[in-house]
Amino acid sequence: MTVRVAIIGAGSIGVKHAQAAWAAGATVGCVVDADEARASALAEEFGAAHATSVLGALGDASIDGVVVCVPNCYHKALAIDALRAGKHVLLEKPMALNEAECQEINDVADSTGRVLQLAFVHRYTAVGQLAKQIAASQSLGEIYHAKAHLYFRRGVPGLGKWFTTKKLSGGGALIDLGVHLVDLAMYVLDFPTVESVCGQVYAKFGSRMNGYVYENMWAGPPNHEGVFDVEDSAHAFIRLVNGASLDLQIAWAGNFPEASMPMSLMGFFGDQGGITFELFGDHVLQSSEEGGAVVDVRLPAQETDPFRNQFADFITSIETQQLHGPTGVQGQMVQAIVDTIYRSSSPLAIHEAV
């Protein structure tokens, strides 16, 4: 059978999912967006219908799956409505605004028996897949520490819009970018149980609003009359019950000299070897001992299309009724870590705005 999906949210991420669905062999049957012109344009591109309401899409018996790619505050309600309508769901990150909402979604997925897959696309990158293969091969030995870093010098997205409004987004850089890194690190480590989390978040740049100097701003130009009540960086140390640890560093903005460091870095360090790679890179560096010396090897990562491969897993999950991608339980575990970082953070460090 050909899987037919509805895309809910026709923004940039909705476009990526529509393209991925087509590339993976699915049919885009319907597109919904609050901006009807935008929904109509995307629907026309893929020969799909343009539904004027979510209810219209969910009531279409020909639709097998729903892709939820809207602002974070709508994730829970749309995912639950889609599951209860008998649709399988590919849910964009973060899973929801907090762990309690994730639990509600998982409860409905369990009760309906529908597929719920999380869109943690970095699991599907070439370097992400290679890192997982290396860790699974046991060639690193016992992995005792990992690091996950991602910095933008000045990249607060859509300053003053929904990304920087806590009631709509649930948070800032941590819930936006950090969930990708936490998921990828935990995926490579096989999702060990978390023992403790200590963290701190800061709002040092976006809170300037009118005085913020930026180099890029995805999600559109700033709205200087809007809201900024979230963090623009987050830093945490996570202990795992197996004795390993994870160092997490995320920033939408910071005074990072451009040539001083990789803007992104993942690392997994074991007693027999270690690997590092850039999140958007094309190779993994592996260090180990050989012939009485420490040697480094550059391992090329096979080029891939992560969004297409993610959607291929969603199609397989629907066809087999067995989940092949990131699970709702894993999404909830990631959100639990994020929530704990927020709770552990001192409010004095993030000004009165947060």
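In this chain, residues are counted from 1 in sequence order.
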Is the shortest heavy-atom distance from the side chain of [X] to the side chain of [Y] under 4.5 Å?
X    : Y    : result
Q117 : P326 : yes
M263 : E278 : no
D296 : Q286 : no
D229 : T164 : no
H75  : V70  : yes
V213 : R154 : yes
D107 : E104 : no
F46  : Q19  : yes

Is the distance between the ring centroids of H17 and F307 less than 6.0 Å?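 Distance test on ring centres: under 6.0 Å, yes.
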Before you tell me yes or no, could you show the steps for K132 and D190 under salt bridge (Lys or Arg N to Asp or Glu O under 4.0 Å), namely the whole-Å CA-CA distance, both residues' side-chain angles and the distance that decides it to 0.1 Å? CA-CA 9 Å; K132 177 64 172 176; D190 281 333; 2.5 Å; yes
Would you check if the side chain of S345 reaches a backbone N or O of Y342 as a donor-acceptor pair within less than 3.5 Å?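 Absent.
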Would you say the side-chain atoms of Q129 pair up with the backbone N or O of R123, donor to acceptor, closer than 3.5 Å?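 Yes.
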So does [X] have more than 12 non-hydrogen atoms from other groups sitting under 6.0 Å from [atom1]?
X    : atom1 : value
E303 : CD    : no
K161 : NZ    : yes
E215 : CD    : yes
R208 : CZ    : yes
E44  : CD    : no
Y74  : OH    : no

Ion pair check, D282 and R298, cut-off under 4.0 Å: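 Salt bridge: yes.
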Whether K204 and D232 form a salt bridge (side-chain N of Lys/Arg under 4.0 Å from carboxylate O of Asp/Glu) is what I want to check.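 Between K204 and D232 there is no salt bridge, as every charged N stays at least 4.0 Å from the carboxylate O atoms.
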Do you know which of D64, V67, V5, I63 makes side chain to side chain contact (heavy atoms under 4.5 Å, CB included) with K87?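 Per the side chain to side chain contact (heavy atoms under 4.5 Å, CB included) rule, the option paired with K87 is I63, out of D64, V67, V5, I63.
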Please say which of K147, H149, H235 ends up in a side chain to side chain donor-acceptor pair (under 3.5 Å) with Q249.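 Exactly one pass, corresponding to H235.
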Begin with the C-alpha distance, continue with both residues' side-chain angles, and end with the deciding distance and a verdict on side-chain hydrogen bond (donor to acceptor under 3.5 Å, both in side chains) for N242 and Y144. CA-CA 9 Å; N242 62 5; Y144 57 86; over 6 Å; no
H324 versus S317, side-chain donor and acceptor atoms under 3.5 Å: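 Per modelled atom types, S317 and H324 side chains form no pair under 3.5 Å.
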Do V201 and V227 belong to the same hydrophobic cluster, where Ile, Leu, Val, Met, Phe, Trp and Tyr are linked whenever their side-chain heavy atoms lie under 4.5 Å apart, directly or via other members?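 V201 and V227: separate clusters.
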Using every non-hydrogen atom in the two residues, find where L240 and P192 come nearest and quote the distance to one decimal.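 Nearest heavy atoms, L240 then P192: CD1-CG, 3.6 Å.
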